[in-house]
Protein chains: 2
Amino acid sequence: MARKKSSNDIRGGQAEAGSTRRAPMREFSRSLPMSLLRAREAVMRQFRPSLRNHGLTEQQWRILRALTSVDEIEVTELAHLAFLLGPSLSRILRDLEARQLIERKTAATDLRRAVVSISAKGLKLIEAVAPTSEAIYAAITKRYGARRLAELQEMLGALEMSLSGMVHDDAGIEADE
Amino acid sequence: MARKKSSNDIRGGQAEAGSTRRAPMREFSRSLPMSLLRAREAVMRQFRPSLRNHGLTEQQWRILRALTSVDEIEVTELAHLAFLLGPSLSRILRDLEARQLIERKTAATDLRRAVVSISAKGLKLIEAVAPTSEAIYAAITKRYGARRLAELQEMLGALEMSLSGMVHDDAGIEADE
DNA sequence: GGGATATTATTAACATGTTAAGTGAATTCC
DNA sequence: GGAATTCACTTAACATGTTAATAATATCCC
């Protein structure tokens with residue numbers, strides 16, 4: 001009775017609540033952040049198992065992937081490229097270096113900066129994962145439609161641009177101190 | 001021809017590490033997961049400071065928001081509604097209960113289930129945050145365009161649907177064990 | 001030249017994401 | 001009606017997100 005059977009998978013269904021109080025501000029589950037979150041989760045759900053089979057997390061994969069597009073790169077630039085915050089990147093680089101998937105050296109001109117590059121071993125791993133990853137991406141593209149997908153990405157980019165310079169009050173102005 | 005940006009073309013013939021290695025599979029920074037991630041971050045960047053000023057994280061806010069849309073709700077349903085995994089929800093509910101922002105009781109008919117509802121104090125907090133939150137949402141809508149925003153959300157929903165039943169190999173089939 | 005300041009990267013501390021395992025309660029099924 | 005199974009939730013363990021604080025170097029600027 002009620003409840004179908006949702007294995008251990010919390011995400012991926014609708015929840016029709018009981019007495020239904022009145023709708024608040026917005027239907028909430030239809031808010032923009034939620035829409036983006038769910039869409040991304042739907043996409044990543046496709047990739048995660050494959051990555052996991054190769055011992056990689058999503059972020060580790062992002063970093064290695066980013067490193068294949070350059071010869072070498074400074075940490076801060078890599079953070080931008082892989083869209084990770086510094087602290088996360090620091091931790092992951094430490095692990096990837098320990099696994100010898102990347103190499104790190106100090107910049108000659110500026111001892112503060114570290115320069116990172118992917119190792120042969122890392123490259124090999126990427127090459128092992130890439131085919132599956134590409135196949136999944138192709139399947140997604142086929143399902144959703146290449147044209148529609150391109151349009152979606154364009155709109156997402158436009159959204160980013162729209163918000164890039166946006167500021168507002170209540171954003172942390174706490175008197176002084 | 002051999003150079004067209006085809007599938008597993010990670011290494012250009014060999015891993016000859018010359019200067020400026022060339023672009024791999026996809027421009028990477030333009031992959032769908034990255035696009036979604038950046039778009040969502042651009043949006044959340046607007047909300048986080050305000051939430052923070054009220055002592056709430058994004059997820060705590062999601063939960064309280066979800067709770068305002070129902071009279072009371074079971075934990076599993078709430079997980080679906082707020083799109084959180086069980087373990088995350090468990091932790092957050094523990095904290096929110098300690099802060100007396102929510103109330104929890106055990107279902108009478110099924111001792112396994114817990115029923116959660118927002119408290120008066122929680123409702124008050126929501127009401128304090130909502131105006132700013134609404135203002136930010138309105139600003140985003142104005143900047144991006146209401147029509148365009150609706151279209152984007154439709155496309156995101158469609159993407160979710162497209163991928164909902166998608167399966168593929170390499171997804172964790174490790175013999176048996 | 002040298003103190004004040006800025007920059008780069010890391011560490012710290014806490015909250016969440018993610019998967020697996022555990023606990024207690026309900027259901028199934030013989 | 002009781003063992004086996006399933007279910008709802010929680011804990012555990014590890015990785016990352018997020019903000020603040022540090023440490024080490026570079027740069028400014030008088």
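Note that the coordinates shown come from a computational prediction; the quantities given were computed from them, not determined experimentally. Just so it is clear: chains get the letters A, B, ... in the order the sequence lines come, proteins before strands, and each one is counted from 1.
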Sequence neighbours excluded, every pair satisfying salt bridge (Lys or Arg N to Asp or Glu O under 4.0 Å) that has a member inside residues 110-125 of chain A: A/Glu74-A/Arg113, A/Asp110-A/Arg112, A/Asp110-A/Arg113

Between C1' of C/dA15 and CE of B/Met44, the distance in whole Å: 14 Å

So the salt bridge (Lys or Arg N to Asp or Glu O under 4.0 Å) pairs with at least one residue in residues 81-90 of chain A (sequence neighbours excluded) are none

With B/Lys142 via salt bridge (Lys or Arg N to Asp or Glu O under 4.0 Å) - residues at least two apart: none

B/Leu56 CG to C/dT16 C1', in whole Å, measures 15 Å

Atom CG of B/Leu96 to atom P of C/dA15: distance rounded to whole Å? 11 Å

Distance in angstrom units between B/Asp95 CG and C/dT16 P, rounded: 7 Å

Please report the distance, rounded to the nearest Å, between CG in A/Leu84 and P in C/dT16. 20 Å

Salt-bridge test for A/Glu154 and B/Arg148: reply yes if a basic N is under 4.0 Å from a carboxylate O, no otherwise. yes

B/Glu97: salt bridge (Lys or Arg N to Asp or Glu O under 4.0 Å) partners, not counting sequence neighbours: B/Arg104

Do the side-chain N and O atoms of A/Gln153 and B/Ser35 include a donor-acceptor pair separated by under 3.5 angstrom? yes

Just compare C/dA20, D/dT19, C/dT16 and give me whichever is closest to any side-chain atom of A/Arg52. C/dA20

Would you mind classifying the nucleic acid contact of B/Ser88 as base, sugar-phosphate or nothing, using non-hydrogen atoms under 4.0 angstrom? base

Counting only side-chain nitrogens and oxygens, does A/Thr57 get under 4.0 Å of the OP1 or OP2 atom of C/dT18? no

Within residues 87-96 of chain A or reaching into it, pairs that qualify as side chain to side chain donor-acceptor pair (under 3.5 Å) - sequence neighbours excluded: A/Ser88-A/Arg91

A/Arg38 CZ to C/dG17 C1': how many Å, rounded? 18 Å

Write down the distance between CD1 (B/Ile92) and P (D/dC9), rounded to a whole number of angstrom. 15 Å

Expected rows: protein N/O vs nucleotides 3-10 of chain C N/O, under 3.5 Å:
from: C/dT7; atom 1: O2; to: A/Arg112; atom 2: NH1; distance (Å): 2.7
from: C/dT8; atom 1: OP1; to: A/Arg113; atom 2: NH2; distance (Å): 3.2
from: C/dA9; atom 1: OP1; to: A/Ala114; atom 2: N; distance (Å): 3.0
from: C/dA9; atom 1: OP2; to: A/Thr76; atom 2: N; distance (Å): 3.0
from: C/dA9; atom 1: OP2; to: A/Thr76; atom 2: OG1; distance (Å): 2.0
from: C/dT10; atom 1: OP1; to: A/Arg104; atom 2: NH1; distance (Å): 2.4
from: C/dT10; atom 1: OP2; to: A/Ser90; atom 2: OG; distance (Å): 2.8
from: C/dT10; atom 1: O5'; to: A/Ser90; atom 2: OG; distance (Å): 3.3

Side-chain donor/acceptor contact of B/Arg91 with base of C/dG17 under 3.5 Å: yes

Round to the nearest Å and state the distance from B/Leu111 atom CG to C/dT23 atom P. 19 Å

Using only side-chain N and O atoms of B/Gln59, determine if any of them is under 4.0 Å from OP1 or OP2 of D/dG17. no

